[in-house]
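Throughout, numbering of the chain's residues begins at 1 and tracks the sequence. We count ligands from 1, going down the list as the structure has it; atoms in each ligand are counted the same way.
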Amino acid sequence: MGSFHYTAHPGRVIFGRGTLGQLAAEAERLGIRRAIIFSTPAQKADGDTVAGLLGAGAAGLFTGAAMHTPLRVTTQALAVVEAVQADGIVAIGGGSSIGLGKAIAVRTGLPQIAIPTTYAGSEMTSILGETEDGRKVTRSDPEILPETVIYDVDLTLGLPAAMSGTSGINAIAHAIEALYARDGNPVISLLAHEAISALAGALPRIADAMGDEAARERALYGAWLSGTCLGSVGMALHHKLCHTLGGMFGLPHAELHTAILPHALAYNAPAVPDVIARLRLILGTDQPAAALYALAQRVGARTALRDLGMPEEGIRAAAEQAMANPYWNPRTLEVGALTTLIANAWAGAMPA
Ligand code: NAD
């Protein structure tokens with residue numbers, strides 16, 4: 001087993017069906033009397049529901065949350081927070097809404113309640129990625145971690161099937177990289193194991209029947225555990241590559257993760273035989289990378305980066321960019337092998 005460090009991050013999780021009904025009590029627990037509510041424009045109705053549940057405890061609703069937490073939006077939201085004299089944050093939605101809540105919390109110290117409706121996992125991390133002029137800067141601070149997370153399975157029943165599949169594979173990616181993290185430990189590996197098992201079992205069922213409540217429950221449970229993995233140990237090639245490609249070509253977050261994951265795992269496989277052995281057990285297959293590729297197809301995801309909008313001329317430049325800021329990875333990074341990896345993902349080929 002070796003020696004290891006394990007740090008638990010403080011946070012309260014409420015999980016189940018209909019748990020949104022506990023929101024007002026949770027706000028009271030945190031001493032929130034004037035909550036600012038955050039959502040994307042598409043989820044304004046969810047924001048209104050939250051406002052209704054908080055009643056006089058809702059100070060305002062800001063529906064401008066956007067992907068990659070643009071600084072411009074944060075500045076607008078901050079002005080609203082000050083204008084309504086908010087004393088707490090309630091963010092409902094995917095990583096975009098929750099990212100905005102985190103951006104405000106790190107600037108104001110206000111307590112946060114996060115109510116996730118996708119499987120991205122941001123609610124369990126003290127990491128915030130913000131963009132300005134097309135550049136994404138990531139920072140970490142204990143203030144960024146939401147105090148309370150309310151997982152309500154009912155809120156995920158309407159997450160469209162395609163988005164459920166890619167968001168779920170995005171979550172699997174956190175857990176897989178946690179299994180071979182340099183600072184990994186047996187507790188996080190247990191969570192990762194359970195997360196991959198829950199998600200890989202649930203996602204095909206959701207693809208067949210979006211409203212399968214038992215599958216939705218397993219998927220959200222897996223997403224929680226995956227988010228805990230992401231928030232606890234360092235990520236490697238897969239996440240760095242997605243960060244680079246997303247930033248260079250503006251590719252959609254969850255779909256990009258879905259297209260890259262089988263290739264990143266195949267690249268690292270020779271360096272992590274113990275992790276591959278574990279994944280064979282979890283996924284019930286001899287070929288975990290190929291199984292993830294098949295899972296992506298099974299949930300109806302696009303597996304070629306060219307279909308997500310990446311130009312072919314960008315392949316070499318992306319490989320060089322991914323090498324530019326060195327980071328730890330279980331297998332040494334080589335520009336030639338990375339170029340092949342990205343070219344395969346660009347074409348949507350089977351992982352090599
Ligand atoms: P998202 O939050 O942008 O959601 C995508 C769209 O789906 C939005 O319009 C949203 O309103 C809508 N949506 C969300 N839930 C829905 C539901 N249940 N039903 C119908 N529509 C719904 O996407 P995401 O993949 O959840 O998050 C991606 C963002 O989160 C990126 O900016 C990424 O960088 C960030 N992220 C950050 C971390 C972190 O730890 N800092 C972790 C994961 C993701």
Should the pair H68 and H253 be assigned to parallel (<30°), tilted (30 to 60°) or perpendicular (>60°) ring geometry?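 Geometry flag for H253 against H68: perpendicular rings.
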Within the structure, is a non-hydrogen atom of K136 found at a distance of less than 4.0 Å from ligand 1? yes
Would you please determine whether G158 falls within less than 4.0 Å of ligand 1 on a heavy-atom basis? yes
Other residues, nucleotides and ligands only: do more than 12 of their heavy atoms fall within 6.0 Å of [atom1] on [X]?
| X | atom1 | value |
| --- | --- | --- |
| E320 | CD | yes |
| Q287 | CD | no |
| N325 | CG | no |

For ligand 1, is any non-hydrogen atom under 4.0 Å from [X]'s backbone (N, CA, C, O), its side chain (CB onward), both, or neither?
| X | answer |
| --- | --- |
| T40 | side chain |
| H253 | side chain |
| N170 | neither |
| R139 | neither |

Checking a contact table here: which protein heavy atom is nearest [atom], and how many Å away?
| atom | result |
| --- | --- |
| atom 41 (N) of ligand 1 | I127 O, 2.9 Å |
| atom 40 (O) of ligand 1 | T125 OG1, 2.7 Å |
| atom 10 (C) of ligand 1 | Q43 OE1, 3.3 Å |

Check: [X] N/O within less than 3.5 Å of ligand 1 N/O:
| X | result |
| --- | --- |
| T118 | yes |
| S97 | no |
| G95 | yes |
| H174 | no |

Taking 4.0 angstrom as the limit and counting only heavy atoms of [X], give me the atoms of ligand 1 inside it, by number and element.
| X | value |
| --- | --- |
| L230 | 40 (O), 42 (C) |
| L155 | 18 (N) |
| K102 | 39 (C), 40 (O), 41 (N) |
| M163 | 7 (O) |

Test item: R216 side-chain N/O and M210 main-chain N/O as donor-acceptor pair under 3.5 Å: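 Judged by distance alone, yes, a pair lies under 3.5 Å.
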Where do P330 and A271 come nearest, in terms of heavy atoms and distance? O-CB, 3.4 Å
Would you name the heavy atoms of G168 and L199 that are closest together and state the gap between them?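 Heavy atoms of G168 and L199 come nearest at O-CD1, 3.9 Å.
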With a 4.0 Å cut-off, would you call E143 and R107 a salt bridge?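 Judged by the 4.0 Å cut-off on N to carboxylate O distance, E143 and R107 do not form a salt bridge.
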Are H239 and H243 close enough that their ring centres sit under 6.0 Å apart?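 Aromatic pair excluded; centres sit 6.0 Å or further apart.
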Within the structure provided, determine whether Y267 and N329 are in side-chain contact (heavy-atom separation under 4.5 Å).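 Contact flag for Y267/N329 side chains = yes.
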